[in-house]
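This structure is a prediction, so every number in the text was calculated from the model and none was measured.
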Amino acid sequence: PVVSRDGFQVSRRNLRGSRHVYVRGQGVFGAPPEAVIGLFETSDAALIRRYNPLYDSGWDLERYDSRTKAAYAKVRAACPGVRPRDTVSLISRR
């Protein structure tokens, strides 16, 4: 892991042939599963910003079925000298 703190790990991997990187976060939340699932499934910008104040905008790219979607998000720069980030996430509830 690149970062490991408070039970969460974040890792980074270069994608062969691409200038983009793959970032994965993993951990255990101290919240009811329904609340965490709701946050990942929502498109409500105000709710997302409560947990990620750098969130700028986003939308669902594609819904594959009732439990799986791809979503785009843009976040503002975390500090001077760092560009805003675009992300695409695959969210799948099992």
Please table the atom pairs, donor to acceptor, closer than 3.5 Å between any side-chain atom in residues 29-37 and protein atoms at least two apart or in another chain.
none

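- Here T68 contributes atom OG1 and I91 contributes atom CD1; the two are 9.5 Å apart, rounded to the nearest 0.5 Å.
- Residues P84 and K74 are in side-chain contact: their nearest non-hydrogen atoms beyond the backbone lie under 4.5 Å apart.
- The environment of R24 atom CZ is sparse: at most 12 non-hydrogen atoms of other residues, nucleotides or ligands sit within 6.0 angstrom.
- Each of L90, L61, D60 was checked for a side chain to side chain contact (heavy atoms under 4.5 Å, CB included) with K69, and the lone residue meeting it is D60.
- Side-chain N or O atoms of R76 include one that pairs as donor or acceptor with a backbone N or O of P53 at under 3.5 Å.
- Side-chain contact between L47 and T42 is present, with heavy atoms from C-beta onward closer than 4.5 Å.
- Across all their heavy atoms, A77 and L54 have their closest contact at O-CD2, 4.0 Å.
- How far CD of Q9 is from OG of S4: 4.5 Å, rounded to the nearest 0.5 Å.
- Contact record, F8 with G27: CD2-CA, 3.4 Å, taken as the closest heavy-atom pair.
- For the atom pair D44 CG and R49 CZ, the distance stands at 9.0 Å (nearest 0.5 Å).
- Screening residues 58-94 for ring pair (Phe, Tyr, Trp, His ring centres under 6.0 Å) gives W59-Y72 as the qualifying pairs, with residues at least two apart or on separate chains.
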